Amino acid sequence: MELTYLKTFHEVAKWGSFTRAAETLGYAQSSITTQIQKLEESYGAVKVLQHNHVNYTLSYEFGNLEAIKQCVMYGLGIALLPRIVVADAVQKGELIAVRFAHPDCKFYTQLIYAKKKWKSKAFTGFLELVGGANHQN
């Protein structure tokens with residue numbers, strides 16, 4: 001067993017949270033999850049966490065939408081993804097898209113761009129069109 005795993009286990013038990021342990025140790029939450037899974041496989045570490053009333057859910061975090069899409073394609077869950085990300089897979093019949101709309105669920109999107117970058121006339125016109133003329137400087 002690696003000493004790193006024991007440190008990770010200690011932080012999870014101390015904080016009662018994988019996320020808080022990740023923040024404290026400077027790791028990605030997915031790294032904490034993997035380390036605890038390895039301890040569970042080798043030593044039954046999760047039984048100790050449960051015995052001490054540390055509630056947790058093993059989960060994963062991904063750095064890009066393509067990784068999430070691939071996990072869904074392998075049957076590892078469901079996801080809310082932009083249409084453009086899944087269009088090709090839906091067209092090929094690899095994924096099924098369900099239109100998602102609910103009055104209590106609102107998704108907010110921001111248009112972002114480099115503050116100091118030169119803006120073309122077309123881009124400035126686009127900003128005005130989407131209401132970005134009143135953007136923050």
Side-chain angles (χ1 to χ4, degrees):
M1 176 191 327
E2 292 188 30
L3 187 57
T4 303
Y5 294 175
L6 284 176
K7 277 175 102 174
T8 298
F9 180 80
H10 175 264
E11 290 298 319
V12 170
K14 175 180 167 184
W15 296 110
S17 163
F18 281 38
T19 302
R20 188 76 186 265
E23 291 169 356
T24 302
L25 294 168
Y27 297 150
Q29 190 269 330
S30 57
S31 176
I32 299 296
T33 300
T34 301
Q35 291 179 39
I36 296 299
Q37 283 176 326
K38 288 181 179 180
L39 283 172
E40 178 183 26
E41 291 167 6
S42 299
Y43 303 99
V46 171
K47 291 178 184 175
V48 175
L49 290 175
Q50 290 170 341
H51 178 73
N52 290 297
H53 307 289
V54 175
N55 295 323
Y56 69 93
T57 301
L58 294 179
S59 62
Y60 301 92
E61 75 181 39
F62 299 96
N64 65 53
L65 297 174
E66 182 64 25
I68 296 169
K69 181 180 86 171
Q70 291 297 319
C71 284
V72 172
M73 290 174 68
Y74 285 108
L76 299 176
I78 62 172
L80 295 172
L81 294 171
R83 185 179 312 142
I84 194 167
V85 173
V86 298
D88 190 45
V90 169
Q91 186 177 21
K92 291 178 183 175
E94 297 169 333
L95 291 174
I96 296 173
V98 177
R99 189 170 194 92
F100 180 81
H102 190 279
D104 293 337
C105 296
K106 294 183 178 20
F107 296 93
Y108 298 95
T109 305
Q110 295 179 331
L111 171 67
I112 60 170
Y113 58 93
K115 184 177 181 178
K116 295 181 181 180
K117 187 150 175 98
W118 175 80
K119 295 171 209 59
S120 69
K121 188 173 183 176
F123 181 69
T124 304
F126 176 71
L127 277 177
E128 289 173 10
L129 179 69
V130 298
N134 299 323
H135 64 278
Q136 297 176 356
N137 286 324

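What you see is a predicted model; the values in this text were computed from it and never measured.
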Q. What are the two closest heavy atoms between M73 and A89, and how far apart are they?
A.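 Shortest heavy-atom separation between M73 and A89 comes out as SD-CB, 4.4 Å.
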Q) Closest heavy-atom contact between L127 and K119? A)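 Heavy-atom minimum between the residues: CD1-CD, 4.3 Å.
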Does any non-hydrogen side-chain atom of [Y] lie less than 4.5 Å from one of [X]?
X: S120; Y: F123; value: yes
X: L65; Y: P82; value: yes
X: Y27; Y: T4; value: yes

Q: Can you sort out the partners of V86 under side chain to side chain contact (heavy atoms under 4.5 Å, CB included), two or more places apart, ordered by chain and number?
A: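 Residues passing side chain to side chain contact (heavy atoms under 4.5 Å, CB included) with V86: K69, L81, V90, L95.
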Q: Could you list the residues that satisfy side chain to side chain donor-acceptor pair (under 3.5 Å) with T24, not counting sequence neighbours?
A: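 So T24 forms a side chain to side chain donor-acceptor pair (under 3.5 Å) with W15.
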Q. Run the side-chain hydrogen bond (donor to acceptor under 3.5 Å, both in side chains) check on T19 and Q29 step by step: do they pass?
A. CA-CA 6 Å; T19 302; Q29 190 269 330; 5.1 Å; no
Q.
In this structure, would I68 and I96 fall into the same cluster of hydrophobic residues linked by side-chain contacts under 4.5 Å?
A.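 Different clusters: I68 never reaches I96 through Ile, Leu, Val, Met, Phe, Trp or Tyr contacts under 4.5 Å.
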Q. To the nearest 0.5 Å, how far apart are CZ in F18 and CD in Q35?
A.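 If I round to the nearest 0.5 Å, the distance is 10.0 Å.
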